[in-house]
Colleague: 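This is the structure, below, for whatever I ask next.
Computed from a predicted structure; not experimentally measured. Quick note: numbers below take in every heavy atom, side chains included, and nothing from hydrogens, waters or symmetry partners.
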Amino acid sequence: MAPALGSFQATVAVSLACNTGVYALASGFLPPVAAAAAGVCAGALLTYLASDHLVFRRRRAAQTDHFGDSIDDHRRPAAALPGPHGGAAAD
C-alpha cells in the first residue's frame, strides 16, 4: 500500500471520529439535522486540511528546465533549436 493511501485512510478514520464527536456534542442543543450537518462539516474540514497539509503536501521539486511564463511551458529557447535563428544547423 502506498504511504499516501495509508495516511489518507488514517485521516479519514480520525475525521469520522471528529464527525461523530461533533454530532454527539451538538445533538444536545441542536435539532438532529443541524447537529448532523455540523458533524459532517467538521469532518469534511478536518479531512481537507489534513489531506492538503499532511497527506498530499507537495514535496520540494528538483530544478526543472522550463522556459516561458508558465511552469508548464517546456519549449526550448530559440538558440537551442536547429534552424534559421540558432542552433547547430546551417542558416
Side-chain angles (χ1 to χ4, degrees):
M1 181 167 20
L5 181 61
S7 298
F8 179 72
Q9 293 299 326
T11 297
V12 169
V14 170
S15 295
L16 176 62
C18 173
N19 181 336
T20 305
V22 169
Y23 173 76
L25 291 173
S27 64
F29 56 90
L30 290 176
V33 173
V40 167
C41 289
L45 181 64
L46 179 61
T47 299
Y48 171 76
L49 291 174
S51 295
D52 189 46
H53 295 290
L54 299 174
V55 179
F56 299 110
R57 71 182 177 270
R58 293 180 186 219
R59 307 299 196 273
R60 182 176 295 272
Q63 181 68 26
T64 61
D65 293 332
H66 66 275
F67 306 96
D69 296 331
S70 169
I71 193 150
D72 295 326
D73 188 0
H74 294 283
R75 293 174 292 169
R76 294 182 181 188
L81 296 175
H85 300 294
D91 288 334

Colleague: My understanding is that a hydrophobic cluster links ILVMFWY residues whose side chain heavy atoms are under 4.5 Å apart, including indirect links. Using that, what else belongs to the cluster containing Leu25?
Modeller: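 Hydrophobic cluster check, Leu25: no partners found.
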
Colleague: Give me the atom names and distance for the closest heavy-atom approach of Ala50 to Thr11.
Modeller: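 Taking every non-hydrogen atom into account, CB-CG2, 3.4 Å.
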
Colleague: Can you tell which of Thr20, Leu45, Leu46, Leu49 makes a side chain to side chain contact (heavy atoms under 4.5 Å, CB included) with Ser15?
Modeller: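 Only one of Thr20, Leu45, Leu46, Leu49 forms a side chain to side chain contact (heavy atoms under 4.5 Å, CB included) with Ser15, namely Leu46.
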
Colleague: Does Ser27 use its side chain to pair, donor to acceptor, with the backbone of Ala24 at less than 3.5 Å?
Modeller: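 Flag set: sc Ser27 to bb Ala24 pair under 3.5 Å.
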
Colleague: How is the hydrophobic cluster of Val33 composed, in terms of its other members, when Ile, Leu, Val, Met, Phe, Trp and Tyr link through side-chain heavy atoms under 4.5 Å apart, directly or indirectly?
Modeller: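 Noted: Val33 shares its cluster with no other residue.
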
Colleague: Where do Tyr23 and Ala35 come nearest, in terms of heavy atoms and distance?
Modeller: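 Here Tyr23 and Ala35 meet closest at CD1-C, 3.5 Å.
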
